[in-house]
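Worth knowing before you read on, the calculation uses all heavy atoms, side chains too, and leaves out hydrogens, waters and symmetry mates. The chains referred to below are lettered A, B, ... by the order of the sequence lines, with proteins before strands, and numbering in each begins at 1.
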Number of protein chains: 2
Amino acid sequence: MADVAKRAGVSTMTVSRALRSGTAISQETRKKIVAAADDLGYVIDATASGFASGKTGFVAMTIPSIDNANFADTVRGVTDGLREYNLQLLLGYTNYDIAEEERLIEGMLGHRPDAVIVTGGAHTDRCRHLLSSYGAPIVETWDLPAKPLQHVVGFSNNEAGRLMADHLYDQGYRRIAFIGGDVKRDTRGADRRRGFEARLVELGLDNDRIISATQPPTMMHEAAQAFDALIDRWPDTDAVMCVSDLAAFGALSAAYKHGFDVPKNIAIAGFGAYDVSAFASPEITTIDVKAAAIGRQAAMLIRESLGSSIEDQTRQIRQTAVDIVIRASTAKPREN
Amino acid sequence: MADVAKRAGVSTMTVSRALRSGTAISQETRKKIVAAADDLGYVIDATASGFASGKTGFVAMTIPSIDNANFADTVRGVTDGLREYNLQLLLGYTNYDIAEEERLIEGMLGHRPDAVIVTGGAHTDRCRHLLSSYGAPIVETWDLPAKPLQHVVGFSNNEAGRLMADHLYDQGYRRIAFIGGDVKRDTRGADRRRGFEARLVELGLDNDRIISATQPPTMMHEAAQAFDALIDRWPDTDAVMCVSDLAAFGALSAAYKHGFDVPKNIAIAGFGAYDVSAFASPEITTIDVKAAAIGRQAAMLIRESLGSSIEDQTRQIRQTAVDIVIRASTAKPREN
DNA sequence: TTGAAAGCGTTACCAT
DNA sequence: ATGGTAACGCTTTCAA
């Protein structure tokens with residue numbers, strides 16, 4: 001920076017101002033300085049800058065899995081919402097493990113992010129403590145936690161499960177199952193399952209056809225195996241909701257191998273509105289949670305929080321939309 | 001840190017040493033200091049640490065798209081390979097746009113990463129300049145660039161295309177097409193296409209059945225449309241390679257809508273060994289490039305580079321495996 | 001609109 | 001094995 005200042009014939013302080021926005025400086029001085037910086041290939045050192053100003057320009061974010069179109073969409077929403085504010089995303093994935101989340105968060109907080117976005121409302125006690133005492137905006141997403149840390153942008157996974165139970169019931173299905181992951185790890189998937197089960201009971205149906213023998217993420221392979229186990233144990237099952245569309249696609253694949261017609265012999269539904277569910281044969285009924293919009297809203301919340309003084313901070317709880325997308329895979333009820 | 005030092009009855013310098021590894025300090029002093037730090041909830045400030053030491057602990061990485069299982073696998077490989085070294089990944093996605101890559105890289109370099117990983121060998125001139133003059137290990141992945149910036153971990157996309165052309169020819173297909181993205185943006189997909197075309201010509205076939213009307217990433221929807229266009233223009237096409245498995249799945253879906261049997265009426269092949277290709281009906285022939293291994297090798301290269309003095313740095317070019325995975329979607333040749 | 005000086009929290013270096 | 005001191009490159013604050 002001193003070199004740039006010398007070349008432009010000004011002080012380092014003026015260079016510092018010229019290279020930021022929202023600072024008082026004359027147009028021609030700035031132009032001169034920017035030219036000098038370009039000549040020298042100078043890029044401002046965000047490390048030193050953050051160190052001096054206390055604003056690092058980082059937003060830390062954790063997601064359960066990087067290889068998941070839903071969370072990827074939320075990340076995209078955040079990135080898009082933050083792009084023009086020169087904020088750099090610090091991304092980590094927890095592998096659906098809150099102990100790993102704690103480790104990640106601890107490492108990320110060392111880099112002093114200006115805000116933090118986490119997925120879900122389940123955290124270790126230590127992680128909750130780290131976050132709540134950190135002193136920067138925190139946003140929990142993809143859930144409506146009973147005890148929010150601070151801001152929330154999410155939806156009720158329980159409601160999503162109930163929505164699908166209602167739909168399958170309305171279509172005439174009565175022997176309804178669920179394929180999903182480990183309750184301890186994918187807490188949101190577990191919430192969907194609980195809502196689904198609870199609604200089945202309210203509708204007067206059994207809720208014991210639950211196959212959850214797999215670790216999350218429940219992918220195609222695990223779901224195909226789970227489907228085999230389901231049919232083995234309850235051969236008369238006439239509909240199944242899967243914890244995600246990927247699982248539903250795996251189940252669909254297994255159903256073909258059993259010689260089943262979907263939905264004539266069995267209905268299959270998913271969750272998440274992945275591309276694959278729209279292009280499967282038959283197309284798979286699913287639930288769309290507008291993952292990118294969750295990210296955009298989280299980014300908006302952060303911008304507002306960073307823009308206002310600490311006294312103005314009010315906790316924001318924003319519930320996002322959950323839409324059922326009805327397709328052929330649950331379209332034809334059997335005669336009962 | 002001063003508080004911790006006071007509480008433990010030592011100097012800040014000793015605290016600094018106690019909280020790092022590989023520093024000379026007595027066991028009991030360290031124990032005392034760690035206890036004091038825990039009591040105070042003290043976490044070292046990586047910003048100041050990086051500022052003082054010149055080592056930030058960041059590894060910057062750019063990928064074309066976050067929502068792509070192949071690149072996600074590479075990211076996972078990098079993360080896993082770096083985890084125990086306390087390196088934090090700074091991830092950005094370019095959306096297959098080298099101008100966006102330049103912007104991203106510039107922003108990331110401001111945070112002074114200890115190493116940089118990029119996807120592919122196509123960069124803007126300015127980006128090449130920024131990277132080559134940056135003074136830290138650089139790894140290009142997923143390609144074998146003609147003019148590498150420094151280290152490379154990748155494979156020949158051209159060869160991958162040729163491999164599939166050979167397979168389809170061997171199976172007896174003769175009227176072979178390609179569905180892929182914009183040559184300007186997905187340069188690796190374009191290389192696959194070029195190798196594919198070139199091999200078709202060597203085998204004495206036409207190479208004009210190329211549909212590339214879409215912007216990358218060529219996803220299911222675009223590929224389905226492209227398939228329609230292909231059949232409209234060249235109804236007698238008997239095989240098609242798609243730029244990725246996602247595209248292949250979209251094409252498969254379109255083929256069903258045309259009433260085609262795959263592979264009896266037309267063979268469909270993909271690239272990337274995505275889960276979806278293994279669970280589609282029929283299962284889709286693809287090419288496995290071991291995406292996670294690319295990431296692990298890149299991480300290994302970086303660890304070695306960071307561990308050795310600058311004089312010992314020799315450029316490493318590591319070619320990775322490319323395996324064809326033959327499945328039912330290309331299994332049954334037609335009579336010619 | 002510009003400049004000078006102080007200081008951000010840590011580590012490198014040298015001394016003990 | 002431990003401590004003192006300078007320095008990292010920038011921004012904040014205050015003054016001109």
Could you tabulate the donor-acceptor pairs under 3.5 Å formed by side-chain atoms of residues 130-137 of chain A, not counting sequence neighbours?
from     : atom 1 : to       : atom 2 : distance (Å)
A:Ser132 : OG     : A:Arg128 : O      : 2.8
A:Ser132 : OG     : A:His129 : O      : 3.4
A:Ser133 : OG     : A:His129 : O      : 2.7
A:Tyr134 : OH     : A:Pro113 : O      : 2.7

Can I get a per-line list of side-chain donor-acceptor pairs under 3.5 Å for residues 291-300 of chain B, giving both atom names and the distance, sequence neighbours left out?
none

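Because its NZ or CZ atom is not both nearer than 6.0 Å to the ring centre of B:Phe58 and within 45° of the ring axis, B:Arg112 does not count as a cation-pi partner of that residue.
As rounded to whole Å, 8 Å separates atom P of C:dG3 from atom CD1 of A:Ile33. One atom, NZ of A:Lys32, and another, P of C:dT1, lie 14 Å apart when rounded to the nearest Å. In this structure, A:Glu28 places its CD atom 13 Å from C1' of C:dT2, rounding to the nearest Å.
Distances shown here put every side-chain N or O of A:Thr47 at or beyond 4.0 Å from the OP1 or OP2 atom of D:dG9. Residue B:Ser11 places no side-chain N or O under 4.0 Å from the OP1 or OP2 atom of D:dG4. Remark: A:Ser26 is in phosphate contact with C:dT2, judged by side-chain N or O atoms under 4.0 Å from OP1 or OP2.
Taking B:Thr62 as the reference, nothing meets the side chain to side chain donor-acceptor pair (under 3.5 Å) condition, with sequence neighbours excluded. With sequence neighbours excluded, the residues forming a side chain to side chain contact (heavy atoms under 4.5 Å, CB included) with B:Lys55 are B:Ser53, B:Asp114, listed by chain and number. The side chain to side chain contact (heavy atoms under 4.5 Å, CB included) test applied to A:Arg7 returns A:Ala36, A:Asp39, A:Leu40, not counting sequence neighbours.
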In the 5'-to-3' direction, what one-character label does each nucleotide of nucleotides 10-16 of chain C receive under the scheme B = base within less than 4.0 Å of a protein heavy atom, S = sugar-phosphate only, - = no such atom? BSB----

